[in-house]
Asker: 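The structure that follows is given in the form of structure tokens.
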Amino acid sequence: MEFKDYYQMLGVDKTADADAIKKAYRKLARKYHPDVSKEADAEVRMKEVNEAYAVLGDVEKRAAYDQLGGRYQDGQEFQPPPGWDNGFEFSGGDFSAADLGEYSDFFANLFGQAGRGRHRQGWAESRRGEDHHAKIVIELRDAYAGATRTITLRGARPDAQGRMTMQEHSLNVQIPKGIREGQQIRLSGQGSPGFGGGPAGDLYLEVHFQADARYRVDGRDVYETLPVTPWEAALGASIEAPTPSGKVQVKIPAHSQTGRKLRLKGRGIPGEPAGDLYLLLEVVLPPADTDKARQLYEMMAQELPFNPRQSMGA
């Protein structure tokens, strides 16, 4: 997938204000509209211009795009980095498949997911405000016990003159016990204000877990890497293992190897039923960084003849 420089497509500077962007769009739309243009590539260029304006003409999408786009050039091979849009609040609902068909893969990957589109509603005397959507990142342990967290989002809000600008605002959010990654928390009335006395829209927060090298989550099941010593793995032992729900006593079977999986039933993310916690053993060798340690390793080499590559014919 190639990165799209929307500023270059509209022929405007990255510091251009909303009026300059709208003016540039209208000028190009008149030039490339298929009904009137004599340019050979009018239809293709018109689609590019429409796509660029769909982003730069929307204060929310432009802010997210600007945060992402400073590190890339037009046509450069591109893959959205994980969590690139965390903390941004977007208005509207989903794009339909027909809507996305008018735009590039680049646009669809960035803004074609839930809550990244903006559906136009007809004007009426009374109209409900638009729903807003945002991603939030929580710690895995919050899903085990539930928590109250303060989050800060960037979203479009009217200023004193009624112009839409990106502003930060903070919310206290109740994280329910047992929530899974990808689920949404609905905050009633926290979306756009209604019109003509209509109710405000809602804010939907899509939950993601903070990256942690110790854990991998699959639905409600949790996989945790548990380091053990060579003697604990070889002889067996009862050890204390830290888990997202607290410390637990775990029995390590004798003759264990790296990769062995121990299942703790019901110790995954709570629910009906609760998930399981799988401990993946990782045998960790102590460093040979002292004379005593080196002597012990040399003694093992002499007293415990062992070739782990024997099965490979070596």
Asker: Provide the full list of ring-ring contact (aromatic ring centres under 6.0 Å, His included) pairs with a residue in residues 25-63, sequence neighbours left out, each pair given once.
Answerer: Y25-Y53
Asker: Nearest 0.5 Å please: distance from the CE atom of M9 over to the CG atom of D5.
Answerer: 7.5 Å
Asker: Any non-hydrogen side-chain atom of M1 less than 4.5 Å from a side-chain atom of P80?
Answerer: yes
Asker: If the test is salt bridge (charged side-chain N to carboxylate O under 4.0 Å, His left out), which one of K261, R267, R263 qualifies with D276?
Answerer: R263
Asker: Tell me, please, which residues at least two apart from D19 pass salt bridge (Lys or Arg N to Asp or Glu O under 4.0 Å).
Answerer: none
Asker: Is I151 reachable from L140 through a run of hydrophobic residues whose side-chain heavy atoms are each under 4.5 Å from the next?
Answerer: yes
Asker: May I ask whether V207 and Y215 are part of the same hydrophobic cluster, defined by side-chain heavy atoms of I, L, V, M, F, W, Y residues being less than 4.5 angstrom apart, directly or through others?
Answerer: yes
Asker: Please verify the inter-ring angle class for F78 with F3; under 30° counts as parallel, over 60° as perpendicular, anything in between as tilted.
Answerer: perpendicular
Asker: Of all residues at least two apart in sequence or in a different chain, which pass the ring pair (Phe, Tyr, Trp, His ring centres under 6.0 Å) check with Y7?
Answerer: none
Asker: Measuring from atom CG of L264 to atom CG of L277, what distance do you get when rounded to the nearest 0.5 angstrom?
Answerer: 5.0 Å
Asker: Applying side chain to side chain donor-acceptor pair (under 3.5 Å) as the test, list every pair that has at least one member in residues 283-301; sequence neighbours left out.
Answerer: D291-R294
Asker: Around atom CD of E43, are there more than 12 heavy atoms from other residues, nucleotides or ligands closer than 6.0 Å?
Answerer: no
Asker: Which atom pair, heavy atoms only, marks the closest approach of P227 to T225?
Answerer: CD-O, 3.7 Å
Asker: For E232, enumerate each residue passing the side-chain contact (heavy atoms from CB on, under 4.5 Å) test, keeping only those at least two apart in sequence or located in another chain.
Answerer: V228, T229, A237, I239
Asker: Could I get the full list of ring pair (Phe, Tyr, Trp, His ring centres under 6.0 Å) partners for F209, not counting sequence neighbours?
Answerer: none
Asker: Output the distance between atom CD (E224) and atom CG (L281), rounded to the nearest 0.5 Å.
Answerer: 10.5 Å
Asker: Do L279 and I269 sit in the same hydrophobic cluster, where Ile, Leu, Val, Met, Phe, Trp and Tyr count as joined when their side-chain heavy atoms come under 4.5 Å apart?
Answerer: yes
Asker: Closer than 3.5 angstrom, by distance alone: can the side chain of D13 be matched with the main-chain N or O of A16 as a donor-acceptor pair?
Answerer: no
Asker: Please step through side chain to side chain contact (heavy atoms under 4.5 Å, CB included) for the pair I21 and R62, ending with a clear verdict.
Answerer: CA-CA 11 Å; I21 288 173; R62 181 182 180 183; 3.1 Å; yes
Asker: Answer whether the closest heavy-atom distance between the side chains of R260 and P253 falls below 4.5 Å.
Answerer: yes
Asker: Excluding sequence neighbours, so at least two apart, what forms side-chain contact (heavy atoms from CB on, under 4.5 Å) with E240?
Answerer: K247, Q249
Asker: Check whether the ring centres of F107 and Y6 lie less than 6.0 Å apart, and answer yes or no.
Answerer: no
Asker: Are the side chain of E51 and the backbone of S104 linked by a donor-acceptor contact shorter than 3.5 Å?
Answerer: yes
Asker: Checking R180 now: which residues fulfil salt bridge (Lys or Arg N to Asp or Glu O under 4.0 Å) with it, not counting sequence neighbours?
Answerer: none
Asker: Find out if a path of hydrophobic residues (ILVMFWY) with successive side-chain heavy-atom gaps under 4.5 Å connects L226 to V248.
Answerer: yes
Asker: Are a donor atom and an acceptor atom from the side chains of H132 and E130 found within less than 3.5 Å of each other?
Answerer: no
Asker: Write out all pairs satisfying ring-ring contact (aromatic ring centres under 6.0 Å, His included) with one or both partners inside residues 245-288, taking only residues at least two apart or from two chains.
Answerer: Y223-Y278
Asker: With F88, which of H133, Q67, K135 fulfils side-chain contact (heavy atoms from CB on, under 4.5 Å)?
Answerer: Q67
Asker: With a 4.5 Å heavy-atom cut-off, do I136 and I175 have their side chains touching?
Answerer: yes
Asker: Any luck finding a side-chain donor-acceptor pair between E282 and T258 under 3.5 Å?
Answerer: no
Asker: Nearest heavy-atom pair of P230 and V284: which atoms, and what distance?
Answerer: CD-O, 3.2 Å
Asker: Under 4.5 Å between side-chain heavy atoms, chaining through other members, with only Ile, Leu, Val, Met, Phe, Trp and Tyr counted: pull out the rest of the cluster around Y204, sorted by chain and number.
Answerer: none
Asker: Please, which pairs that meet salt bridge (Lys or Arg N to Asp or Glu O under 4.0 Å) have at least one residue in residues 168-178, sequence neighbours excluded?
Answerer: none
Asker: Report whether Y72 and F111 are members of the same hydrophobic cluster (ILVMFWY, side-chain heavy atoms less than 4.5 Å apart, transitive linking).
Answerer: yes
Asker: How long is the straight-line distance from CG of L235 back to CD1 of I252, given to the nearest 0.5 Å?
Answerer: 12.5 Å
Asker: Quick one: salt bridge (Lys or Arg N to Asp or Glu O under 4.0 Å) partners of E48, sequence neighbours excluded?
Answerer: R45
Asker: Quick one: does D41's side chain have a donor or acceptor within less than 3.5 Å of a partner on V44's backbone?
Answerer: no
Asker: G268 and Y144: which non-hydrogen atoms are nearest, and at how many Å?
Answerer: O-CE2, 3.1 Å
Asker: Out of curiosity, K14 NZ to Y65 OH, how far, rounded to the nearest 0.5 Å?
Answerer: 6.5 Å
Asker: In Å, rounded to the nearest 0.5 Å, how long is the span from CG of L56 to CG of L10?
Answerer: 5.5 Å
Asker: Restricting to non-hydrogen atoms, name the atom on P270 and the atom on A143 that form the minimum distance, rounded to 0.1 Å.
Answerer: CD-O, 3.7 Å
Asker: Mind listing the closest non-hydrogen atom pair of A293 and A288 along with its distance?
Answerer: CB-CA, 3.9 Å
Asker: Answer whether the closest heavy-atom distance between the side chains of I138 and I179 falls below 4.5 Å.
Answerer: yes
Asker: Provide the closest heavy-atom pair for A63 versus R154 in the form atom of the first, atom of the second, distance.
Answerer: CB-NH2, 4.2 Å
